[in-house]
Number of protein chains: 2
Amino acid sequence: MSAQKASAQLNAMQSRIRDLLARADKPLSAYDVIDGLRDHGRVAPPTVYRALQKLIDEGLAHRLETRNAYVVCRDGGHVCGHRHRAGFMICRTCGRTLEFGDEEIERLLGGAAARSGFVAERVAIEIQGLCATCASLPDANGA
Amino acid sequence: MSAQKASAQLNAMQSRIRDLLARADKPLSAYDVIDGLRDHGRVAPPTVYRALQKLIDEGLAHRLETRNAYVVCRDGGHVCGHRHRAGFMICRTCGRTLEFGDEEIERLLGGAAARSGFVAERVAIEIQGLCATCASLPDANGA
DNA sequence: TTGACGGATGTTATAATATATCGGTAGCCT
DNA sequence: AGGCTACCGATATATTATAACATCCGTCAA
Ligand SMILES: [Zn+2]
Ligand SMILES: [Zn+2]
Ligand SMILES: [Zn+2]
Ligand SMILES: [Zn+2]
């Protein structure tokens with residue numbers, strides 16, 4: 001058991017935050033997380049940001065750049081614990097966020113980059129719009 | 001000339017900011033812009049944010065979500081003045097940013113979205129990495 | 001002409017997001 | 001034990017963005 005690595009090595013704070021993100025049905029900002037942890041006493045921003053970064057490093061969570069918010073990794077099948085690229089569809093009405101890990105898209109992005117000799121390291125793909133549910137409600141369509 | 005619309009209807013502030021963005025060889029934050037306009041006297045944040053939004057609305061500039069920064073539209077051929085979707089490759093070393101408007105990618109993203117019944121409105125695609133120039137320099141490779 | 005109205009622009013103040021920096025704690029090696 | 005290191009957390013502050021209010025200016029009915 002010398003080379004045991006990564007997951008399950010979360011401390012109490014990290015676990016609490018992961019649970020909080022997992023229970024939420026939409027992305028939480030760092031300060032939403034701080035508020036959500038009020039039961040455990042006051043928590044300072046750096047504590048939360050570091051814990052979030054840890055979860056991201058472990059592949060357990062993602063940051064949504066267009067929202068300044070965080071979600072647990074919900075990439076359908078894959079068992080988390082390895083970092084992976086992902087895209088997101090974020091509903092502007094209900095906030096629900098669908099994660100997708102479409103390798104096809106990633107390959108194409110890599111291709112577009114390679115055409116210019118660009119070496120891709122991080123890829124952010126975030127689609128804002130209406131989820132199927134909200135799109136079917138008249139209110140959300142702007143009408 | 002009753003229905004003349006859009007472009008060239010920039011006021012002095014908007015033009016100055018567009019010029020500033022155009023002269024910069026990398027994305028500028030809103031506060032970089034404020035600093036860059038110091039010659040013209042102090043400018044307050046809302047003034048700059050509103051002007052930037054105007055430029056974005058006119059299709060003359062884009063916001064980089066992963067950087068909280070702004071660039072002029074440099075989509076190769078197209079004459080700006082209409083909003084369009086774009087992707088970006090952002091060099092982490094020199095900051096230079098390449099804009100691409102790959103319809104193929106957009107179609108695929110639309111497809112990924114449609115598969116879940118998601119109605120895409122805004123699409124952000126931002127690739128961080130090394131530009132061809134920086135990738136060829138030993139320092140930038142992390143070595 | 002003139003003064004009520006409305007939209008655009010500018011200012012002040014403050015909110016929301018994120019990090020620099022320091023000090024404490026615990027494991028670990030000598 | 002003593003010192004080293006790495007992690008952890010708190011205080012303070014930096015960075016990014018907007019709310020709320022004031023001002024200016026063109027429009028148009030009276
Ligand atoms: Zn994921
Ligand atoms: Zn929805
Ligand atoms: Zn463009
Ligand atoms: Zn570069």
Side-chain angles (χ1 to χ4, degrees), chain A residues 1-2 4-18 20-21 24 26-58 61-71 90 95 122 124 126 128, chain B residues 2 4-18 20-21 24 26-58 61-71 90 92 95 122 124 126 128:
Chain A
M1 54 179 68
S2 57
Q4 192 168 14
K5 192 171 163 288
S7 306
Q9 296 191 349
L10 301 182
N11 66 22
M13 180 63 69
Q14 290 155 3
S15 295
R16 282 201 295 259
I17 293 178
R18 186 185 56 171
L20 193 61
L21 290 178
K26 56 201 182 82
L28 298 183
S29 75
Y31 284 76
D32 288 339
V33 171
I34 289 172
D35 290 345
L37 294 173
R38 66 197 173 290
D39 296 341
H40 302 276
R42 211 173 75 85
V43 183
T47 302
V48 168
Y49 280 101
R50 280 198 286 234
L52 287 169
Q53 190 56 54
K54 169 77 170 188
L55 295 176
I56 290 167
D57 290 344
E58 296 291 342
H62 300 285
R63 171 180 163 81
L64 301 182
E65 299 288 349
T66 55
R67 290 291 193 103
N68 298 330
Y70 304 82
V71 290
I90 307 163
R122 288 200 308 131
E126 300 181 20
Q128 316 270 337
Chain B
S2 57
Q4 192 167 14
K5 193 169 164 289
S7 304
Q9 296 191 348
L10 301 182
N11 66 22
M13 179 63 70
Q14 291 154 4
S15 296
R16 282 200 297 257
I17 293 178
R18 186 185 55 172
L20 192 63
L21 290 177
K26 57 201 181 83
L28 299 182
S29 75
Y31 283 77
D32 288 339
V33 171
I34 288 173
D35 291 345
L37 293 174
R38 66 198 172 288
D39 297 341
H40 302 276
R42 211 173 75 84
V43 183
T47 301
V48 167
Y49 280 101
R50 281 197 286 234
L52 287 169
Q53 190 56 53
K54 169 78 170 185
L55 294 176
I56 290 167
D57 290 345
E58 297 291 341
H62 300 285
R63 172 180 162 82
L64 300 182
E65 299 289 347
T66 55
R67 290 293 192 101
N68 297 331
Y70 304 82
V71 290
I90 307 163
R92 72 164 152 82
R122 288 200 306 133
E126 299 182 20
Q128 315 269 337

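Predicted model only: the values in this text are computed from it and were never measured. Chain letters run A, B, ... following the sequence lines, proteins first and then strands; every chain starts at 1.
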Name the residue closer to the 5' end of DNA chain C, choosing between B/N11 and B/N68 according to the nucleotide with the nearest heavy atom. B/N11
Atom [atom1] of [X] to atom [atom2] of [N]: distance rounded to whole Å?
X     : N      : atom1 : atom2 : value
A/K54 : C/dT19 : NZ    : P     : 18 Å
A/Y49 : D/dT15 : OH    : P     : 15 Å
B/I34 : C/dT12 : CD1   : P     : 13 Å
A/M13 : D/dC7  : CE    : C1'   : 14 Å
A/L28 : C/dT17 : CG    : P     : 11 Å
B/Q53 : C/dT9  : CD    : P     : 13 Å
B/L52 : C/dT9  : CG    : C1'   : 15 Å
A/D32 : C/dA18 : CG    : C1'   : 15 Å

Looking only at heavy atoms, the pair that brings B/I56 and B/R63 closest together is CD1-CB, 4.1 Å
Shortest non-hydrogen contact from A/L64 to A/P27? CD1-CG, 3.4 Å
Which nucleotide in [options] has an atom nearest any side-chain atom of [X]:
X     : options                : result
A/S29 : D/dA10, D/dA19, C/dT17 : C/dT17
B/R50 : D/dA17, D/dA20, C/dA18 : D/dA20
B/Q14 : D/dT11, C/dA18, C/dT9  : C/dT9
A/R42 : D/dT11, C/dT12, C/dT17 : D/dT11

Would you indicate what A/R67 reaches in the nucleic acid, counting non-hydrogen atoms under 4.0 angstrom: base, sugar-phosphate, or nothing? nothing
Do B/N11 and B/K54 have side chains that get closer than 4.5 Å, going by heavy atoms? no
Does any non-hydrogen side-chain atom of A/L10 lie less than 4.5 Å from one of A/S15? yes
Quick one: is [X] getting a side-chain N or O under 4.0 Å of the [N] phosphate, OP1 or OP2?
X     : N      : result
A/T47 : D/dC8  : no
B/R63 : D/dA17 : yes
A/Y70 : C/dA18 : yes

Is B/Y31 stacked on the base of D/dT16 when the test is centres under 5.5 angstrom and planes under 30 degrees? yes
B/E126 and B/T66 side chains, donor-acceptor separation under 3.5 Å: yes
